[in-house]
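First the structure, in the form of structure tokens, and then the observations on it.
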Amino acid sequence: MEVMIKERKQTRWNNVVTNVMNLQDWPEPIVRVQSLSESGLHVIPDRYIKPPSERPSPLITINSSDDNIPIIDLTGLFGDDQDIHNSILNQISSASREWGFFQVVNHGIRPELMDTARENWRQFFHLPMELKQAYANLPKTYEGYGSRLGVEKGAILDWSDYYFLHHTPSSLKDYNKWPAFPNSCREVIDEYCEELVKLCGRLMRVLSINLGLREDQLQNAIGGDNIGACMRVNFYPKCPQPDLALGLSPHSDPGGLTILLPDDHVAGLQVRRNDQWITVKPAKHAFIVNIGDQIQVVSNANYKSVEHRVIVNSGQERVSLAFFYNPKSDIPIEPVKDLVTAEKPSLYPAMTFDEYRLFIRTMGPKGKSQVESMKSPR
């Protein structure tokens, strides 16, 4: 029976790969959400109205002012004070196991670089449409200026535009596919991404140590130095009916680690915890870190990716920068052998990240249905 289930799953994935690789364009004409917002409409098109059970209000639980994901100060993480070092490790371990999300401050990245990166992208999204359209993306790679995730025809869409680009590996990095405006944009993106690769490497060592592994073991499980790094910049325009729409539907991130630079003026990210939605309150010059599906897999579910979504509002636009630190795309990703025991056997079959991420490219954000569907029968 187990073999038959695995064979069916493999057949399904072969079909998904074939379908996506053959796509040359989106299934329907692309409409820029920013253009809809700026047109002055008072009623959003039906394509953006979520079913009643998925709408952000009134079904969400309004969290108290004290509810927030953990905030962890990384000062001294690799210093000589062992007590401080151990305290930070414990905080990251607890947050990764219990929340799947945490914020980091004093992370070593210059606040000025963070502010400049976010402001450059805000300026990009306010460029004339003809300049942005030169970077319009296609579903095969998603690279460039986009307005929908997933290629399901007739799907209910999210109220957002975005820009997706590759930083690593060098074979995928193409400056010509990065915005040329504002003038400093490419240089800022490059420096910003380089700094985040370093931060992710430090966090991966901590996550590995906290599992009782060698500090490089978790990193090696996703490809060592040959990781993939990419960025999706999200633009959430004002929405005249924010109670009917979402900026980004509930999902868990398909990759390894995500480092989010949120908007410093308006909150919008919500994290699911105990069947409630917690609105994240960003700390000043903090990054929001979350565990992705691939870390859930290699850790054999000791760490868990967590569903999250983005709400929109009628009064303010939002810009956020999501940096994805992913496995090497063409190697089998599976639980680390040292984490597989008789009491806790391997929960996931091996699958490359190239195969895995086609799910979201096909279906768009769909909660945690992808990683949960992979679990081996017990």
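The shortest distance between side-chain heavy atoms of Arg318 and Val310 falls below 4.5 Å. Under the 4.5 Å side-chain criterion, counting only non-hydrogen atoms from C-beta, Leu41 is in contact with Pro240. Using a 4.5 Å heavy-atom cutoff, the side chains of Val336 and Leu211 are not in contact. Put simply, the side chain of Tyr192 reaches to within 4.5 Å of the side chain of Leu321, judged on heavy atoms. Here the side chains of Lys173 and Trp178 are in contact, with some heavy-atom distance below 4.5 Å. Annotation: side chain of Leu196 is not in contact with side chain of Leu261 (no heavy-atom distance under 4.5 Å).
Counting heavy-atom neighbours within 6.0 Å of Asn90 CG, excluding the residue itself, gives a total above 12. Remark: Asp81 CG is packed, more than 12 non-hydrogen atoms of other residues, nucleotides or ligands lying under 6.0 Å away.
Between Asp190 and His167, the side chains place a donor N or O and an acceptor N or O closer than 3.5 Å (distance only, hydrogens not considered). Donor-acceptor pairing under 3.5 Å is recorded for the side chains of Thr279 and Gln270. For the residue pair Thr352 / Asp330, no side-chain donor-acceptor distance below 3.5 Å is found, with atom types taken as modelled. For His285 and Asp264, the side-chain atoms include no donor-acceptor pair closer than 3.5 Å. Checked by atom type, the side-chain pair Gln217/Ser208 shows no donor-acceptor distance below 3.5 Å. Remark: the Tyr48 side chain and the Gln241 side chain contain no N/O donor-acceptor pair separated by less than 3.5 Å. A donor and an acceptor atom, one from each side chain of Ser252 and Asp293, are located under 3.5 Å apart.
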Before giving the answer on side-chain hydrogen bond (donor to acceptor under 3.5 Å, both in side chains), spell out for Ser147 and Asp161 the whole-Å C-alpha distance, their side-chain angles and the decisive distance to 0.1 Å. CA-CA 4 Å; Ser147 296; Asp161 297 326; 2.7 Å; yes

Walk me through it: do Phe235 and Phe124 pass the test side-chain contact (heavy atoms from CB on, under 4.5 Å)? CA-CA 10 Å; Phe235 183 79; Phe124 170 82; over 6 Å; no

Set out, in order, the CA-CA distance, both residues' side-chain angles and the distance that settles side-chain hydrogen bond (donor to acceptor under 3.5 Å, both in side chains) for Ser249 and Lys50, then state yes or no. CA-CA 9 Å; Ser249 296; Lys50 298 294 182 182; 2.7 Å; yes

CA sep, side-chain torsions, deciding dist, call: Ser346, Glu334, side-chain contact (heavy atoms from CB on, under 4.5 Å): CA-CA 8 Å; Ser346 176; Glu334 59 188 330; 5.6 Å; no

In sequence, state the C-alpha distance, the side-chain angles, and the governing distance for Phe164 and His166, and then conclude on ring-ring contact (aromatic ring centres under 6.0 Å, His included). CA-CA 7 Å; Phe164 180 85; His166 291 285; 5.2 Å; yes

Going through the distances and angles, do Trp26 and Asn137 end up as a side-chain contact (heavy atoms from CB on, under 4.5 Å)? CA-CA 9 Å; Trp26 300 101; Asn137 71 350; 3.4 Å; yes

Under the criterion side-chain contact (heavy atoms from CB on, under 4.5 Å), I'd like the reasoning laid out for His126 against Glu38: C-alpha separation, chi angles, the key distance, then a yes or no. CA-CA 11 Å; His126 284 286; Glu38 293 175 352; 4.2 Å; yes

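For the atom pair CG (Asn300) and NZ (Lys344), the distance works out to 5.0 Å, reported to the nearest 0.5 Å.
For the pair Arg32 and Tyr145, the distance from NZ or CZ to the six-membered ring centre is under 6.0 Å and the angle to the ring normal is within 45 degrees.
Residues Glu317 and Arg122 are paired through a salt bridge, judged by an N-O separation under 4.0 Å between the basic side chain and the carboxylate. Electrostatic pairing of Arg309 and Asp158 does not count as a salt bridge here, judged by no charged N lying under 4.0 Å from a carboxylate O. Of the charged side-chain nitrogens involved, none lies within less than 4.0 Å of a carboxylate oxygen, so that Glu143 and Lys140 do not count as a salt-bridged pair.
With sequence neighbours left out, His308 forms a side-chain hydrogen bond (donor to acceptor under 3.5 Å, both in side chains) with His251, Asp253. For His85, the side-chain hydrogen bond (donor to acceptor under 3.5 Å, both in side chains) test picks out no residue, with sequence neighbours left out.
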